[in-house]
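Note that the coordinates shown come from a computational prediction; the quantities given were computed from them, not determined experimentally. Hydrogens, waters and symmetry mates play no part in the numbers below; they use all other heavy atoms, side chains included.
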Amino acid sequence: VQLQASGGGSVQPGGFLRLSCAASGSTFVINAIGWYRQAPGKQRELVAEFVRGSNTKTVYADSVKGRFTISSDNAKNTKYLQMNSLKPEDTAVYYCKGNIWTPTQGSIDYWGQGTQVTVSS
């Protein structure tokens with residue numbers, strides 16, 4: 001399984017960006033998929049995550065609630081993170097992460113490549 005991340009870039013405060021994360025492979029089931037971010041000198045933190053199960057839910061960090069939204073294109077096994085009203089403190093490298101089941105390895109975490117998001121005037 002591979003996670004292909006795309007999107008990101010530089011915007012001014014108040015602007016918007018959309019990140020995408022596409023899963024590909026032969027046989028897999030996505031248990032959870034979302035984004036983490038890491039700013040310089042800080043630990044990697046959860047931004048938003050879609051968790052599938054008996055209690056399917058989407059979790060957002062308090063700092064992004066009301067501004068960021070996860071959406072899906074299930075036909076493409078792709079999740080999108082729409083980021084609105086961006087703030088300078090959203091500047092970080094964003095990583096897509098999925099907990100994915102495959103028949104050969106069971107459920108493990110996969111990471112996509114990081115993508116830079118810079119919010120600056």
Q) If you measure from OG1 on Thr104 to CZ on Phe28, what distance do you get to the nearest 0.5 Å? A) 12.5 Å
Q. Would Ser6 and Gln4 count as having a side-chain donor-acceptor pair, cut-off 3.5 Å?
A. no
Q) Passes side-chain hydrogen bond (donor to acceptor under 3.5 Å, both in side chains), Asn31 versus Ser107? Steps please. A) CA-CA 8 Å; Asn31 299 317; Ser107 293; 3.0 Å; yes
Q. So, the side chain of Thr91 versus the backbone of Val119: is there a donor-acceptor pair under 3.5 Å, distance only?
A. yes
Q) Within a strict 4.5 Å, meaning less than it, do heavy atoms of the Ser24 and Gln2 side chains meet? A) yes
Q: Please determine if Arg37 and Asp90 form a salt bridge, counting it only when a charged side-chain N lies under 4.0 Å from a carboxylate O.
A: yes
Q. Under 4.0 Å between a Lys/Arg side-chain N and an Asp/Glu carboxylate O for Asp62 and Lys65?
A. yes
Q: Could you give me the CA-CA distance, side-chain angles and deciding distance for Leu3 and Ile33, then say whether side-chain contact (heavy atoms from CB on, under 4.5 Å) is met?
A: CA-CA 10 Å; Leu3 292 180; Ile33 191 164; 4.2 Å; yes
Q: Decide yes or no for Glu49 and Lys57: does some side-chain heavy atom of the first lie under 4.5 Å from some side-chain heavy atom of the second?
A: no
**Q.** Point-to-point distance, once rounded to the nearest 0.5 Å, from OG1 of Thr115 to OH of Tyr94
**A.** 10.5 Å
Q | Test side-chain contact (heavy atoms from CB on, under 4.5 Å) applied to Ser72 and Tyr80, step by step | A | CA-CA 6 Å; Ser72 304; Tyr80 302 97; over 6 Å; no
Q.
What's the separation between atom CG in Asp109 and atom NZ in Lys97, rounded to the nearest 0.5 Å?
A. 4.0 Å
(Q) Distance check, rounded to the nearest 0.5 Å: Leu81 atom CG versus Phe68 atom CZ? (A) 6.0 Å
(Q) side-chain contact (heavy atoms from CB on, under 4.5 Å), that's the test. Do Gln43 and Gln38 meet it? Break it down for me. (A) CA-CA 6 Å; Gln43 290 188 330; Gln38 188 167 19; 5.5 Å; no
Q: Show the numbers, then the answer: is there a side-chain contact (heavy atoms from CB on, under 4.5 Å) between Trp35 and Leu46?
A: CA-CA 6 Å; Trp35 282 265; Leu46 172 69; over 6 Å; no
Q: Please test Ser20 against Thr78 for side-chain hydrogen bond (donor to acceptor under 3.5 Å, both in side chains), starting from the C-alpha separation and ending with a verdict.
A: CA-CA 7 Å; Ser20 64; Thr78 300; over 6 Å; no
Q) Is the number of heavy atoms from other residues, nucleotides or ligands within 6.0 Å of CD (Gln113) greater than 12? A) yes
Q) Any side-chain heavy-atom pair from Met83 and Leu19 closer than 4.5 angstrom? A) yes
Q.
To the nearest 0.5 Å, what is the distance between CG on Asp73 and NZ on Lys79?
A. 9.5 Å
Q: Would you check if Phe50 and Thr56 make a side-chain contact, meaning some heavy-atom pair closer than 4.5 Å?
A: yes
(Q) Taking the ring of Tyr36 and the ring of Trp111, is the distance between their centroids below 6.0 Å? (A) yes
**Q.** Pairwise distance CD1(Ile30) to SG(Cys21) - rounded to 0.5 angstrom
**A.** 7.5 Å
